[in-house]
Amino acid sequence: MSEAPRSRRSTPWPPVDTESPAPHPDAPRPGTKLAVHYDQCFGCGDVEGGLHMRSTMGEHALVHSQFAVTEAHQGAPGLAHGGLLACAFDEALGSAVGNLLRRPAVTGKLETDFLRPVPVGSTLFITAKVDGVAGRKLYASAEGRLGAEDGSVAVRARALFVEVGFEHFTTHGDPDALTKFRQTPDQINP
Ligand SMILES: CCCCC/C=C\C/C=C\C/C=C\C/C=C\CCCC(=O)SCCNC(=O)CCNC(=O)[C@H](O)C(C)(C)COP(=O)(O)OP(=O)(O)OC[C@H]1O[C@@H](n2cnc3c(N)ncnc32)[C@H](O)[C@@H]1OP(=O)(O)O
């Protein structure tokens with residue numbers, strides 16, 4: 001297979017002027033295995049058919065996540081579903097934003113470039129970083145490599161997260177959201 005294009009993007013990133021993301025003083029140290037943020041999360045929780053992703057804080061404010069693609073994640077025969085790949089990147093990007101900045105945020109916009117097929121049985125090694133901050137707008141990007149940290153780039157993604165108050169989750173989701181976040185072992189306390 002020929003090399004995937006380095007980039008298919010034409011718009012600048014971040015799309016607005018931003019400040020450099022200053023990691024929170026309590027951001028996990030490099031090498032820390034990151035906590036599940038909610039045990040019913042489809043991305044990282046212990047959910048049947050979920051993605052069961054695990055993430056680790058790396059050097060240089062990078063967050064490393066792995067997504068092991070199983071038969072439960074197929075779109076075409078033998079290949080990962082693109083929507084689930086997008087989900088994996090939402091999780092990896094959200095983990096970078098949440099853990100580095102420790103600011104509660106939701107995904108406002110998520111873009112994905114699918115550059116190579118991702119087969120069942122493969123593991124996608126995703127590296128995510130926060131690119132810039134503009135008030136409540138938090139910009140992050142990631143790339144996913146096949147089979148190893150230095151494998152071929154199969155997927156790239158970038159996202160805008162918007163900072164919200166914790167009442168976002170209780171008002172729009174579950175009134176007991178804060179209790180449920182806290183009940184998740186090791187999660188960062190809201
Ligand atoms: C889940 C996290 C729990 C928190 C725990 C905290 C720490 C835990 C640590 C780690 C966490 C680890 C992992 C997390 C992993 C995964 C996370 C999954 C995340 C999700 O799965 S999350 C679900 C999907 N997500 C939604 O369910 C959002 C629905 N949505 C809304 O709730 C509103 O839409 C909202 C709040 C986004 C904005 O609403 P709003 O009224 O507050 O603010 P407003 O509209 O003014 O936007 C403010 C500025 O963002 C610009 N802006 C907004 N959207 C834009 C877009 N699409 N494109 C371009 N710009 C956009 C505006 O243009 C404006 O820009 P400006 O200020 O310059 O005018």
Side-chain angles (χ1 to χ4, degrees), residues 28 32-58 62-100 102 104-114 116-130 138 140-149 151 153-162 164 166 168-170 172-190:
T32 306
K33 291 191 187 320
L34 299 177
V36 170
H37 73 271
Y38 172 44
D39 63 7
Q40 293 299 301
C41 171
F42 187 79
C44 65
D46 186 18
V47 176
E48 192 176 344
L51 306 189
H52 300 116
M53 288 176 60
R54 290 292 172 268
S55 301
T56 305
M57 182 63 65
L62 298 174
V63 171
H64 302 286
S65 304
Q66 293 184 18
F67 171 31
V69 181
T70 72
E71 290 185 349
H73 304 137
Q74 294 176 88
L79 295 176
H81 194 296
L84 291 183
L85 291 171
C87 180
F89 276 80
D90 196 10
E91 179 68 32
L93 291 158
S95 184
V97 168
N99 284 287
L100 282 167
R102 295 179 74 100
V106 292
T107 322
K109 187 179 181 73
L110 174 65
E111 299 175 8
T112 44
D113 288 341
F114 301 107
R116 293 177 184 277
V118 179
V120 167
S122 66
T123 297
L124 203 55
F125 288 73
I126 301 175
T127 300
K129 60 186 170 62
V130 182
L138 317 171
S141 61
E143 63 180 22
R145 294 175 179 266
L146 272 176
E149 297 282 359
V153 177
V155 184
R156 289 197 181 99
R158 51 194 193 180
L160 162 68
F161 288 79
V162 180
V164 293
F166 279 106
H168 176 95
F169 303 103
T170 52
H172 302 295
D174 185 334
D176 289 333
L178 299 191
T179 309
K180 291 183 175 177
F181 278 136
R182 289 191 190 105
Q183 281 170 346
T184 296
D186 297 333
Q187 91 96 40
I188 298 162
N189 286 322

Which side-chain N or O atoms in residues 79-90 pair as donor and acceptor under 3.5 Å with protein atoms at least two apart or in another chain?
{"residue": "H81", "atom": "ND1", "partner": "G83", "partner atom": "N", "Å": "2.9"}
{"residue": "D90", "atom": "OD1", "partner": "T107", "partner atom": "OG1", "Å": "2.7"}

Parallel, tilted or perpendicular, judged at 30° and 60°: which one describes the rings of F181 and H37?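 F181 and H37: tilted rings.
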Using the side-chain contact (heavy atoms from CB on, under 4.5 Å) rule, take V120 and H73 through it: C-alpha gap first, then chi angles, then the decisive distance, then the call. CA-CA 8 Å; V120 167; H73 304 137; over 6 Å; no
State, to 0.1 Å, how close [X] and [Y] come at their nearest heavy-atom pair, and which atoms those are.
| X | Y | result |
| --- | --- | --- |
| A154 | L146 | CB-CG, 3.9 Å |
| L34 | P28 | CD2-CG, 3.6 Å |
| V47 | H52 | O-NE2, 2.9 Å |
| C44 | R54 | O-NH1, 2.8 Å |

Without placing hydrogens or testing angles, list every side-chain donor-acceptor pair under 3.5 Å for residues 121-128, not counting sequence neighbours.
{"residue": "S122", "atom": "OG", "partner": "P119", "partner atom": "O", "Å": "2.5"}
{"residue": "T127", "atom": "OG1", "partner": "H64", "partner atom": "ND1", "Å": "3.2"}

Return the [atom1] to [atom2] distance between [X] and [Y], rounded to the nearest 0.5 Å.
| X | Y | atom1 | atom2 | value |
| --- | --- | --- | --- | --- |
| E91 | S55 | CD | OG | 6.5 Å |
| L93 | L110 | CG | CG | 6.5 Å |
| R158 | E143 | CZ | CD | 13.0 Å |
| K180 | F169 | NZ | CZ | 14.5 Å |
| L62 | T56 | CG | OG1 | 12.0 Å |

I want to check something: taking the side chain as every heavy atom from C-beta on, are L100 and M57 in contact at a cut-off of under 4.5 Å?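 Result yes, sub-4.5 Å side-chain heavy-atom pair found.
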Taking atom CG of D176 as the centre, does the number of heavy atoms from other residues, nucleotides or ligands within less than 6.0 Å exceed 12?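 Result for CG/D176: enclosed.
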